[in-house]
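Beneath this line is the structure, given in structure tokens, with notes to follow.
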Amino acid sequence: MFKFILFLTLNCALIYARTVQFSVVAFGSNVQVKIGSTTYKLSKINNYDPVFTSKISLSDTSYSYKYIVDGKEESFTRTLSSSTTFTYNEFFGRKDTIKKLPEFSHPDKGTWKRSIGKTSLFDDSYIPTVHLYGENANLTFNDAKSRYISRVTFILKDDIVTLKNVACYPKNKSWPKFQFRLVTHSYTHDTSGVYGRYVIKFRDNNEDPTFFRQKLYADIMDTIGVPTIQTIFARVYVNNIPVGAYVLQEEAGSESFARACFHGDNNGHLKITNIDDLGHPLDCSTGADIAYGDGVKYSAFQPYNETRYNNSRVKKLAKALYDLNINSDSAIEKFDKEWFDITSFFKAVAMQYLTGHWDSYLFYSTNFAMYDDPTQSSGDKYKFYFICQDWDNTFGINLGKTYTRYDEEFTTISYKKYVNITWGIDKYDAPRRYAFDKLLSNKKLQNKFEKILTDIVKYIFNPKSFEPRLSAFVERFRDEVEFSYTTPHWRAGTEKIEWDMGDFERNINYRGRYGVKYGLREYIYRRAKGINSEFGLGLSIESKDYDNVKECGPGFVETEYRSIKNTKTLENDNAIYNILI
Ligand SMILES: *[C@@H]1O[C@H](CO)[C@@H](O)[C@H](O)[C@H]1NC(C)=O
Ligand SMILES: *[C@@H]1O[C@H](CO)[C@@H](O)[C@H](O)[C@H]1NC(C)=O
Ligand SMILES: *[C@@H]1O[C@H](CO)[C@@H](O)[C@H](O)[C@H]1NC(C)=O
Ligand SMILES: *[C@@H]1O[C@H](CO)[C@@H](O)[C@H](O)[C@H]1NC(C)=O
Ligand SMILES: *[C@@H]1O[C@H](CO)[C@@H](O)[C@H](O)[C@H]1NC(C)=O
């Protein structure tokens, strides 16, 4: 009898003991986890990456624990639930490893089902860390020259993806913290990348003190159900030394994006893997309009791979639009089905107008991609999608009359004042907005556009609907912004803007220095108020705060900080130095 009880006890202990895999990103040499009052050592997963792990046997009660790096303990305690067997990849000093943020909502949310989905790479309940390793990485972050980086590791929520010999192209080098693009397949020819994405941009927030505008824009695009580039904030380190936080994003005019966004099963898998089987993505720079006729040039439609294809398909689309009988609903329906997805085009333009995205198709005939989906094309007809991008100068940044055209305060200007007007605001800009004007000259389509516009305001772009996600951003990402603003620069630049946390705090609400003409909350408020009153939406939009804001002092100048942008130039520095294997 006694033996039997002993047997039971032992057996229970065996059944209920669990092994828990601890994993933490840390920059130090001696990394431990303290569970209750016992301290365990974690080991580095390899010689290169800043991740430390250990499998520790624990009984199935809940525990509190914290990490210790080189003798320094975390200032808070973490909780391990009684059933967990792994911790995700935690980050030393960041209390919440996973935090689900409140999402925007909209009736069309989730309707774009043809992508591979966000996958772990773009799961923003987590903040990824990207580690670039090797001598070339060091050189590139010092001299801003393109090179192959011997090892790049993406530390994601529940996975660590390592890529070797990754091409790294710095850009916007006038900023001390430059932007860069990783092309992970050029050397290896392996396009599996990070969850199917093999061209990945690391953008900064250069002119946005809040850091949030580009991601908020991306999140709205995603919510309204258009095919769109994905965005997440990530920390970047080079050889264990911080570079800062970045806006990690897909590149709209790339095959990597086209494949991930149009040819997935909505659940992490690609339906087309061979990039030769894709359509022909075009990167559309200043002057691009889907117009046809005398004097129309297509050089602004640049093929992503000019070795393999050119922009001849978009000329066919332009001809089809030109020939379209805009008074025939059935002709429009056919055109929409065979040639051009009007809904996603309208959604993209509505967002450009709403956010004051002046570096865009609507205001400067620029910054979009066109993709013809082979699975929806037939014969000599190519079904195109319009993909918007480049969202740094939005929500009131550098908004100026050059692009917005009128003297009135921008958020009070009706979209109608941008239809059928003459453009050609400089020698690069297209003379008109042919595609937009023509489609809107059909009454039904105009109504459709207005419904799209007002629905975005009704469901997302108003203070009440916007606030939960925005305040969650402030709470969740403030530390990331601070990390970025306080990380010493690797190199000098010539740009004068250098944001601090004062700029951050202020611009969440109010206008900022340089060309930051509106606070984020202020902008949403004013925009919603303008649309609400123009269309009689009946939303109750109140604010005591933003109607009579007066800021003055150095930096708060009324001028356009960047009066006119240079036309987008193609990368001319694609030469790669020093292959290091
Ligand atoms: C990194 O590059 C800089 C500048 O080229 C050089 O001075 C430094 O020694 C390099 N550091 C390492 C660890 O290679
Ligand atoms: C970065 O460079 C591109 C051209 O390569 C330009 O269009 C863009 O405005 C620049 N962004 C910043 C923030 O300087
Ligand atoms: C373009 O396609 C050619 C032929 O497949 C390939 O060798 C080249 O690397 C591609 N270029 C880019 C930028 O992907
Ligand atoms: C563009 O590509 C098509 C095939 O896709 C080819 O027939 C045509 O000659 C090319 N045009 C130019 C200008 O290279
Ligand atoms: C633009 O002009 C066309 C005719 O050229 C007209 O049918 C259409 O109603 C105009 N659109 C607006 C919004 O004024």
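Predicted model only: the values in this text are computed from it and were never measured. Indexing begins at 1, ligand by ligand and atom by atom, following the structure's order.
- Among the atoms of Thr307, none of the N or O lies under 3.5 angstrom from an N or O of ligand 3.
- Glu480 is linked by a salt bridge (charged side-chain N to carboxylate O under 4.0 Å, His left out) to Arg94, Arg235, counting only residues two or more places apart in sequence or in another chain.
- Where the criterion is an N or O separation shorter than 3.5 Å, residue side chain and backbone included, Asn420 meets it with respect to ligand 5.
- The existence of a salt bridge linking Asp455 and Lys451 is confirmed by a sub-4.0 Å separation between a basic side-chain nitrogen and an acidic carboxylate oxygen.
- In this structure, the side chain of Thr228 does not engage the main chain of Ala218 through any donor-acceptor pair within 3.5 Å.
- Side chain to side chain, Tyr385 and Gln376 meet the donor-acceptor criterion of an N or O pair below 3.5 Å.
- Both tests pass for Lys417 against the ring of Tyr406: distance under 6.0 Å to the centre and angle within 45° of the axis.
- Each of Asn138, Leu139, Asn142 has a non-hydrogen atom positioned under 4.0 Å from some atom of ligand 1.
- We find the CE-NE2 distance between Met370 and His280 to be 14.0 Å, quoted to the nearest 0.5 Å.
- Under the 30°/60° scheme for interplanar angles, the aromatic rings of Phe535 and Tyr415 are found to lie parallel.
- Remark: ligand 3 atoms within the under-4.0 Å shell around heavy atoms of Arg308 are 1 (C), 2 (O), 4 (C), 5 (O).
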